[in-house]
Amino acid sequence: MQGQIPKSAIVSHPHFRNSLRLMASGRRQYPFHLIEPKWQQHWDQHQSFRAFNPGDTVPEGHPFGLRHQLSGQAARAESLPPKFYILDMFPYPSGAGLHVGHPEGYTATDILARYRRARGFNVLHPMGWDSFGLPAEQYAVKTGQHPRVTTEANIANFTRQIKSLGFSYDWSRELATTDPEYFKWTQWIFLKLYNSCFDPETNRAQPIETLKFPLTCTTEEQRRAYRDSKRLAYVSEAPVNWCPELGTVLANEEVIDGRSEVGGFPVIRKPMRQWMLRITAYAEKLLADLDTIDWSDSLKEMQRNWIGRSEGAEVEFQIAAQTCDGRAGAGTDPLQPEKIRVFTTRPDTLFGATYLVLSPEHKLVGQITTAAQQKAVEDYQRFAAGKSDLERTELAKEKTGVFTGAYALNPVNGGRIPVWLADYVLASYGTGAIMAVPAHDTRDFEFATKFHLPVVQVVQPPDSKTDWQGFTDHGISVNSTGPEISITGLATSEAKRKITDWLAEKGLGQATINYKLRDWLFSRQRYWGEPFPIVWKKDAAGNLSHEALPESALPLLPPSLQDYKPAPGGEPPLARAKDWVSLPDGSVRETNTMPQWAGSCWYYLRYLDARNTDAFVGKESECYWMGTTGGAVASAPRPAGAAGPTPGVDLYVGGTEHAVLHLLYARFWHKVLFDLGQVSTAEPFFKLVNQGLILGEDGQKMSKSRGNVVNPDDILGEYGADAFRLYEMFMGPLQETKPWNTKGVEGVYRFLGRVWRLFVDENSETDFEQAETTAEASDRDSLLALIKLNPTIRDVTPTPAQLKTLHACIKKVTEDLDGMRFNTAISAMMVFINEAMTWETKPVEALKTFLQLLQPFSPHLAEELWNKLFAAFNLPLADLPYSPWPRFDPAVLIENKIEIPVQVNGKLRDVITVSISATVPQLEALALANEKAKPYYEGKTLKKIIVVPKKLVNIVAV
RNA sequence: GCCGGUGUGGCGAAAUGGCAGACGCACAGGACUUAAAAUCCUGGGACCAUCAAAAGUCGUGUGGGUUCGAGUCCCACCACCGGCACCA
């Protein structure tokens with residue numbers, strides 16, 4: 001039919017392009033289209049990858065039970081093999097479906113899960129859905145379709161795609177954050193946070209009932225207010241990041257350069273009543289415990305920077321008395337001049353402080369401003385308040401500010417210094433006020449230059465050639481002598497210590513540690529999130545106070561709505577459901593919902609015991625999978641090479657985009673749960689690896705607008721899941737960013753074809769192909785049964801050379817899997833196959849072992865061939881995924897002849913073959929006798945001969 | 001600006017301080033075929049030279065250093081990627 005159409009006509013016709021592409025790639029290398037569904041069904045039906053908890057009964061005949069002698073028994077923590085918890089960051093099930101980036105990490109973890117199973121571990125490898133999220137809600141706003149409907153359809157599609165890749169997940173533990181049975185416990189954990197406070201003395205969270213009230217709290221209202229101010233989940237009226245476009249507030253972490261991380265919309269600051277989580281109480285632990293976990297340096301560094309610990313001192317400045325007369329603020333006692341506290345990391349530069357700067361929002365501004373400056377100050381405050389975050393960062397180059405008219409007294413020398421207002425000082429950091437040392441701080445220097453403020457040197461750079469102006473490093477203090485204290489001549493660190501001690505002694509300040517980390521803004525004005533289990537009550541005076549729902553009221557379901565838009569007046573969508581909001585006793589429900597991060601903060605714990613209806617996780621399961629069975633609580637740093645199971649998740653793989661959001665939040669929740677005795681480890685994720693980004697074929701980031709997105713479904717259809725998995729790993733190291741190249745898939749696909757042809761009989765393949773086209777055989781299994789084993793495979797003892805090839809491969813694959821070097825493991829298997837293709841007789845033992853190595857990477861093909869092999873040779877059936885991992889025999893790899901390079905002055909001149917046992921003098925003699933090397937040193941003086949046995953000989957001559 | 005990472009053929013990449021470029025892609029030549037596809041075999045860093053080959057020289061971002069020997073270790077710099085960015 002097509003043969004009559006000129007080829008050029010076909011090519012130019014878009015309708016034929018697809019069929020041409022199929023023609024170009026030719027016939028299938030092997031029938032993956034039959035093999036892959038076959039084994040996926042088999043694993044599903046047999047629950048092959050179900051992980052067993054302590055207390056579970058291992059079904060009779062389950063391969064895990066057969067391997068570990070647990071068939072039909074109730075497993076106990078002590079009788080189960082060591083655990084290995086290998087976790088993927090669960091995806092948000094978007095409408096767009098899977099992306100080739102998702103399966104990269106999933107393939108890596110699946111390979112390791114399968115490898116660990118073969119190594120005899122009890123492997124926990126689960127998958128679930130981070131299914132709350134904005135897209136489903138935006139779709140609901142547009143169409144009125146309930147987000148749950150959208151979400152379920154997306155989950156179904158993601159499940160189909162993920163299952164088609166043959167991953168060995170334990171689907172019996174599948175979870176979705178939108179499932180009421182799941183978010184019941186998310187709300188439960190919120191109540192734990194709500195009902196806890198952080199005790200600075202014990203340095204841990206405790207139930208709120210243990211809170212000690214100060215003596216000043218006498219009335220019930222005062223006690224309530226005090227209690228509410230100490231909760232780990234509290235209400236704040238502070239300015240928040242409001243994104244008008246998204247109609248919600250955002251956490252600091254979700255705002256990038258003044259725009260929303262999702263969508264890139266402008267964000268403005270707006271005071272609103274919001275729920276906050278007191279993550280700052282954990283700043284120190286979150287920082288310190290980074291040293292106990294095995295994460296990449298870059299990731300740890302990102303978290304350290306985000307937490308932003310800085311040591312310094314708070315210093316108190318008196319407002320100079322004269323200014324009190326003319327000040328604007330009324331009703332305060334003029335005999336009690338105000339004090340301003342500043343935070344500085346450089347108390348040693350105190351003598352160089354030539355002015356103070358308050359943030360425009362500082363609460364003392366009104367009181368200290370003089371009448372003459374009042375208007376200018378108020379104008380400036382308005383100007384600063386009107387700036388969005390975006391403008392504040394974009395206009396950062398040019399400093400702005402205004403003089404308040406007030407003066408402060410420098411405590412070390414009594415100097416009168418002006419007090420200014422400027423928005424380069426942030427209200428939310430430190431005390432919201434600074435002492436400006438223009439000589440030794442870049443920002444202060446810029447400001448002082450612009451407003452002609454004095455610059456006084458107080459630090460001498462160690463290198464006398466360095467200009468002291470703008471010198472911000474450590475040096476020697478100069479010009480730093482006052483009536484009571486002198487630090488002149490001291491090195492910076494010593495000067496800091498001395499002056500801080502003096503300030504403390506005088507009651508003028510103290511050493512302080514500040515963090516960049518802010519409390520976590522935890523409420524969102526959205527529909528599709530967990531409702532807060534909180535109601536608001538009004539007392540007789542009309543004051544609102546919040547109260548937690550009892551645990552028995554969980555899960556608190558969101559109401560059903562017709563319209564998902566924010567309610568009129570900017571209220572969250574939940575406020576539309578009047579019946580739901582108003583309760584019979586006159587109280588009203590909280591209408592904010594939790595952010596998407598809430599569900600992902602603890603999902604790794606739910607997997608441990610996903611169907612538990614009595615607890616968020618059962619104690620025994622938690623201890624077993626988190627590696628603390630036996631009561632050993634892993635709060636202390638784990639010494640290198642410590643025995644026993646890893647505390648926490650053994651391996652967590654996901655993208656870097658979660659470096660400071662999810663990973664910091666989850667660590668925080670985990671630490672609270674640890675303090676409250678709910679979990680047994682101080683850290684959730686012991687080892688964490690970030691997979692690199694996969695770029696499009698054009699080397700650009702994949703995106704719909706660039707049109708370079710690769711859909712896994714297309715690749716699977718053409719090359720199969722095994723080839724897809726193999727390619728994703730063969731591209732390069734897991735952590736690197738690398739471009740996709742479909743031609744590369746063809747390469748690994750050809751490799752799998754070679755594996756297939758090594759095992760099967762060519763003639764039977766022809767029969768199979770004919771049967772397939774004429775449908776002689778009716779079903780998949782009888783079609784596949786037509787494929788016979790290659791007759792050159794025999795039950796014979798491998799030759800030493802064959803054994804060497806095999807064991808070199810076992811060694812390389814094993815070591816590379818331990819080091820997560822998947823790409824080189826695959827190339828080792830390619831080397832083996834290239835070699836084995838040349839064998840005239842193929843020993844069945846060697847091929848069996850090879851399939852065990854291949855199984856983690858390309859499990860479907862390996863299973864099919866394994867079972868064919870066993871049937872053909874009448875071997876007692878063994879389940880491939882649970883067959884013990886091959887061991888390599890170093891004795892087999894020993895050569896008696898090896899090639900040794902001969903160098904002259906470090907340059908290669910020849911390669912000689914010598915006995916493995918050649919001694920140093922023998923090697924020396926052989927090298928000197930070498931004719932090719934001779935010309936390069938003849939006529940020169942032999943200085944020495946370097947001989948590294950089994951490595952090389954180097955003749956050094958001058 | 002600060003912090004972290006990466007620089008190796010046409011491309012993805014590989015190399016406990018010891019033969020740079022394994023393995024794969026793309027390419028070229030050959031075998032099989034009426035022809036193609038598929039498959040199998042062979043080749044290949046650059047330069048110089050040549051009918052051809054051998055031999056030679058240079059080569060891991062740049063410049064120095066350590067070493068018998070450096071892609072690998074040290075110092076300085078350049079480029080790209082990622083993160084943070086008025087945090088006092």
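Numbered from 1 within each chain, the chains take letters A, B, ... in sequence-line order.
- For the C1' atom pair drawn from rC23(B) and rA14(B), the interatomic distance equals 8 Å after rounding to whole Å.
- You'll find the side chain of L817(A) stays beyond 4.5 Å of the side chain of T814(A), heavy atoms only.
- When rounded to the nearest whole Å, the span between CG of L517(A) and P of rA85(B) equals 12 Å.
- Distances shorter than 4.0 Å separate none of the side-chain N or O atoms of R304(A) from OP1 or OP2 on rC2(B).
- Aromatic pair F724(A)/Y719(A): ring centres not closer than 6.0 Å.
- Looking at the side chain of L952(A), the nearest of the listed nucleotides rG18(B), rC25(B), rC19(B) is rG18(B).
- Residue N834(A) places at least one side-chain N or O under 4.0 Å from the OP1 or OP2 atom of rG24(B).
- A straight line from CE of M731(A) to P of rA14(B) spans 12 Å, rounded to a whole angstrom.
- The shortest distance between the side-chain N/O atoms of R909(A) and the OP1/OP2 oxygens of rC19(B) is not below 4.0 Å.
- Nearest-nucleotide positions on RNA chain B for G906(A) and K812(A) put K812(A) closer to the 5' end.
- The gap from the P atom of rA22(B) to that of rG4(B) amounts to 34 Å, rounded to the nearest Å.
- Summarising the base pairing, rG18(B) is matched to rC68(B) through a Watson-Crick or G-U wobble pair whose two defining distances lie under 3.5 Å.
- In this structure, of rA22(B), rA88(B), rA13(B), it is rA88(B) that holds the atom nearest to the side chain of I434(A).
- The 5' end of RNA chain B is approached more closely, in terms of each residue's nearest nucleotide, by N305(A) than by the other of N305(A) and T656(A).
- Closest to the T345(A) side chain, of the nucleotides rA88(B), rC19(B), rC25(B), is rA88(B).
- Residue F730(A) has its side chain nearest to rG12(B) when only rG12(B), rA26(B), rA15(B) are considered.
- Pair assignment for rC77(B): rG61(B), on the basis of Watson-Crick or G-U wobble contacts that are both within less than 3.5 Å.
- Phosphate contact (OP1/OP2 of rG56(B), side-chain N/O of Y936(A), threshold under 4.0 Å): present.
- The side chain of F343(A) lies closest to rA88(B), out of rA14(B), rG18(B), rA88(B).
- One can place CD of E762(A) at 12 Å from C1' of rC32(B), the figure rounded to the nearest angstrom.
- Closest to the L908(A) side chain, of the nucleotides rC19(B), rC86(B), rG83(B), is rC19(B).
- Side chain of M830(A), nearest nucleotide from rG24(B), rA26(B), rA88(B): rG24(B).
- Nucleotide rG43(B) is matched to rC27(B) when pairs are restricted to Watson-Crick or G-U wobble geometry with both distances under 3.5 angstrom.
- Pairing for rA37(B) is absent, judged as Watson-Crick or G-U wobble with the two contacts each under 3.5 Å.
- At least one donor-acceptor pair under 3.5 Å links the side chain of Y355(A) to the backbone N or O of D444(A).
- Within the 3.5 Å criterion, the main-chain N or O of F471(A) finds a donor-acceptor partner in the side chain of H440(A).
- Between S310(A) and rA88(B), a side-chain N or O to OP1/OP2 separation shorter than 4.0 Å is present.
- Note: CG (L664(A)) to P (rG83(B)) measures 17 Å, nearest angstrom.
- One finds a salt bridge joining E301(A) and R304(A) here, because a Lys/Arg side-chain nitrogen approaches an Asp/Glu carboxylate oxygen to under 4.0 Å.
- Figure legend. rC2(B) is base-paired to rG83(B); pairs are counted as Watson-Crick or G-U wobble with both atom distances under 3.5 Å.
- Closest to the K951(A) side chain, of the nucleotides rC19(B), rG18(B), rC25(B), is rG18(B).
- Rounded to whole Å, the distance from OH on Y727(A) to C1' on rC25(B) is 9 Å.
- Checked against the 6.0 Å centroid threshold, Y380(A) and F383(A) count as a close aromatic pair.
- A close approach under 4.0 Å does not occur between any side-chain nitrogen or oxygen of R28(A) and OP1 or OP2 of rA38(B).
- Under 4.0 angstrom from either OP1 or OP2 of rG83(B) there lies no side-chain N or O belonging to Q303(A).
- Distances shorter than 4.0 Å separate none of the side-chain N or O atoms of Y424(A) from OP1 or OP2 on rA88(B).
- K950(A) has no carboxylate O lying under 4.0 Å from a charged side-chain N of E899(A), or vice versa, which leaves the two without a salt bridge.
- In terms of phosphate contacts, K738(A) brings no side-chain nitrogen or oxygen within less than 4.0 Å of OP1 or OP2 of rG12(B).
- Nearest to the side-chain atoms of D423(A) among the listed nucleotides rC40(B), rA85(B), rC86(B) stands rC86(B).
- Glycosidic conformation of rG82(B) is anti; the angle lies outside 90° of 0.
- Under 4.0 angstrom from either OP1 or OP2 of rG24(B) there lies at least one side-chain N or O belonging to R754(A).
- A salt bridge is defined here as a Lys NZ or Arg NE, NH1 or NH2 lying under 4.0 Å from an Asp or Glu carboxylate O, and E398(A) with K450(A) meets this definition.
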